[in-house]
Amino acid sequence: MDLGGTGSSFKEVLESHMIFSDYEKAKFKSEANCNNTFVKSRICSDGKNGNNSKNGVYDLLECPVCKNLMYPPIHQCPNGHTLCSNCKTAVHNRCPTCHRDLGNIRCLALEKVAESMELPCRYQNLGCHDIFPYHTKLKHEQNCRFRPYNCPYAGSECSIMCDIPTLMAHLKNDHKVDVHDGFTFNHRYVKSNPHEVENATWMLTVFNCFGKHFCLHFEAFLLGTAPVYMTFLRFLGDEKEAKKFRYSLEVGGNSRKLTWQGIPRSIRESHRKVRDSQDGLIIQRNLALYFSGGDKQQLKLRITGRIWKEE
C-alpha cells in the first residue's frame, strides 16, 4: 500500500521482534549517572561543566566529590575544605577530605567569587556558544537546546545521553533497530499468545525522511484495567522542530479501520510520558484481535502510515 504516491515511499512489510518489559520495574537513572555516559558520545567534557580552563579559580570551585562546579550555597568544614550542597548530604555531613563533621558553615568568600564570574555553557562542544553569569548558567543548561538527548529505546534501562548523530549510531549498533529511508511505512506486528501479554514492547523502528529521524513505537499495556495496544511516532530532535511535522496511522481488517493523525512528540519527553498521555493510535485488544481475523488467538496487525512536513 502506497500512502505517499511517488518518491521516497517503500512497501516492505516488516516482521517485528518482541522485547518484553515490566514497566513497574523500570528505573530511571539520575542525571548524575546519565552524565557518565557522555564518553560514548561526541561530547568532550572535562568535568567542569564544559569549561576547558585550568585556571585556579575553577579548581577552587570544583566539588571534590562530584567534580562539578559548586553553586551557592557552598559548604566548608572547620579546616576550610569545601563541597557542594548536594554532596554534603551524600557524604552524611562529614568532610570527604579530613573526615571532620561539616556542621553548617558556609564559604561566603567563595560564593562571592562564584557570583562574579561568567562561564560558557557546558554544552559548548555541541554548539552552544553563549556565556552566562555563574548564577544563571545552571538554569540555562537545564533547557539548553544543545543539551544531549536520552536514548528513546523503550523496554530497557538504557542511560545513554548524546547528540543525534551519536544517538543514531547507538540505536543501530547497540540496540540493532531497523532504520529505513522514506516517509511512508507498512508495518506488521504479530504475537501468538496475545491474551497472555499485558505489558510488552516491540522492536523500535526508525525512519529517515526530510533530513530528520522519526521512531515508531508499538506496545501492549493496561489502560486502567483494559488491555490495549498503542502505536505512536516520536521525533529525534527538539519540540519546536517536531511541531513542523505531522503523521498519520491506520490499522484495520474485516472491512473496518481506525485512523489517527497527530504531531510527533520530541524525544525530550520520555517514552513513558508520551505513552501515558495517550497521544497516539490506541487499539483495544478485542478490536485488535477482530482486525487480526481467524479465531482471535493470534495478533496480526498491519500498521500503515505517512509522515509529512507542514508548510
Side-chain angles (χ1 to χ4, degrees), residues 28-76 80-91 96 102 104-152 159-167 170 212 235-244 265-270 273:
F28 294 96
K29 303 293 186 182
S30 67
E31 182 179 357
N33 288 335
C34 288
N35 285 343
N36 291 332
T37 65
F38 283 3
V39 68
K40 299 189 71 174
S41 75
R42 297 190 301 180
I43 301 171
C44 299
S45 175
D46 66 352
K48 296 182 176 61
N49 295 316
N51 181 59
N52 293 322
S53 173
K54 299 303 180 182
N55 190 297
V57 175
Y58 297 117
D59 292 336
L60 288 174
L61 289 171
E62 182 185 83
C63 175
V65 179
C66 65
K67 303 302 181 183
N68 291 321
L69 288 177
M70 296 184 288
Y71 292 82
I74 298 174
H75 299 274
Q76 69 175 20
H81 303 123
T82 57
L83 79 164
C84 71
S85 57
N86 289 333
C87 291
K88 181 176 184 288
T89 303
V91 298
L102 287 168
N104 292 301
I105 307 172
R106 295 268 295 275
C107 186
L108 300 180
L110 197 55
E111 288 182 8
K112 286 187 177 296
V113 171
E115 291 169 355
S116 68
M117 296 178 63
E118 290 189 342
L119 298 170
C121 174
R122 71 180 301 174
Y123 305 124
Q124 61 178 338
N125 293 327
L126 291 178
C128 184
H129 302 298
D130 294 330
I131 304 295
F132 300 92
Y134 194 91
H135 65 280
T136 63
K137 176 177 176 287
L138 193 61
K139 182 177 181 179
H140 159 78
E141 290 171 350
Q142 292 172 347
N143 297 290
C144 177
R145 66 188 182 94
F146 293 100
R147 70 191 188 279
Y149 294 87
N150 290 299
C151 176
S159 60
I160 287 294
M161 295 175 67
C162 49
D163 58 10
I164 296 300
T166 308
L167 186 59
H170 163 69
K212 304 295 181 180
F235 175 71
L236 274 68
D238 281 325
E239 181 181 4
K240 183 178 180 180
E241 189 77 10
K243 290 180 178 179
K244 297 178 181 179
R265 298 280 285 270
S266 166
I267 60 170
R268 291 286 189 209
E269 299 179 275
S270 71
K273 180 179 179 180

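All heavy atoms count here, side chains included; hydrogens, waters and symmetry mates do not.
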List in chain and number order the residues that pass salt bridge (charged side-chain N to carboxylate O under 4.0 Å, His left out) with R147, two or more places apart in sequence or in another chain; answer none if no residue qualifies.
none
Just jot down the salt bridge (charged side-chain N to carboxylate O under 4.0 Å, His left out) partners of D130, sequence neighbours excluded, or say none.
none
Does any non-hydrogen side-chain atom of [Y] lie less than 4.5 Å from one of [X]?
X	Y	answer
H170	C151	yes
I131	P120	yes
L126	C121	no
S85	H75	yes
L110	Q76	no
V113	L60	no

CG (N143) with more than 12 external heavy atoms under 6.0 Å
yes
Can you tell me how far apart [atom1] ([X]) and [atom2] ([Y]) are? Round to the nearest 0.5 Å.
X	Y	atom1	atom2	value
M70	L83	CE	CG	7.5 Å
F235	E269	CZ	CD	13.0 Å
R265	K243	CZ	NZ	10.0 Å
K67	C84	NZ	SG	11.5 Å
L69	D59	CG	CG	10.0 Å
T136	K139	OG1	NZ	9.0 Å

Compare every heavy atom of [Y] with every heavy atom of [X], then report the nearest pair and how far apart it is.
X	Y	value
H129	G127	CD2-O, 3.3 Å
Y123	F146	CB-O, 4.1 Å
C144	R268	O-NH2, 4.0 Å

Partners of E111 by side chain to side chain contact (heavy atoms under 4.5 Å, CB included), sequence neighbours excluded?
P72, P73, I74, R106, L108
With sequence neighbours excluded, tell me which residues meet side chain to side chain contact (heavy atoms under 4.5 Å, CB included) with S116.
none
Side-chain donor/acceptor of S266 to backbone N/O of G237, under 3.5 Å:
yes
K244: partners by side chain to side chain donor-acceptor pair (under 3.5 Å), with sequence neighbours left out
E241
Under the rule for ring-ring contact (aromatic ring centres under 6.0 Å, His included), what residues qualify as partners of Y134, not counting sequence neighbours?
Y71
When you look at R145 and D238, which way does the side chain to side chain contact (heavy atoms under 4.5 Å, CB included) test go after all the steps?
CA-CA 7 Å; R145 66 188 182 94; D238 281 325; 3.6 Å; yes
From CA spacing to verdict: side chain to side chain contact (heavy atoms under 4.5 Å, CB included), N150, I267:
CA-CA 7 Å; N150 290 299; I267 60 170; over 6 Å; no
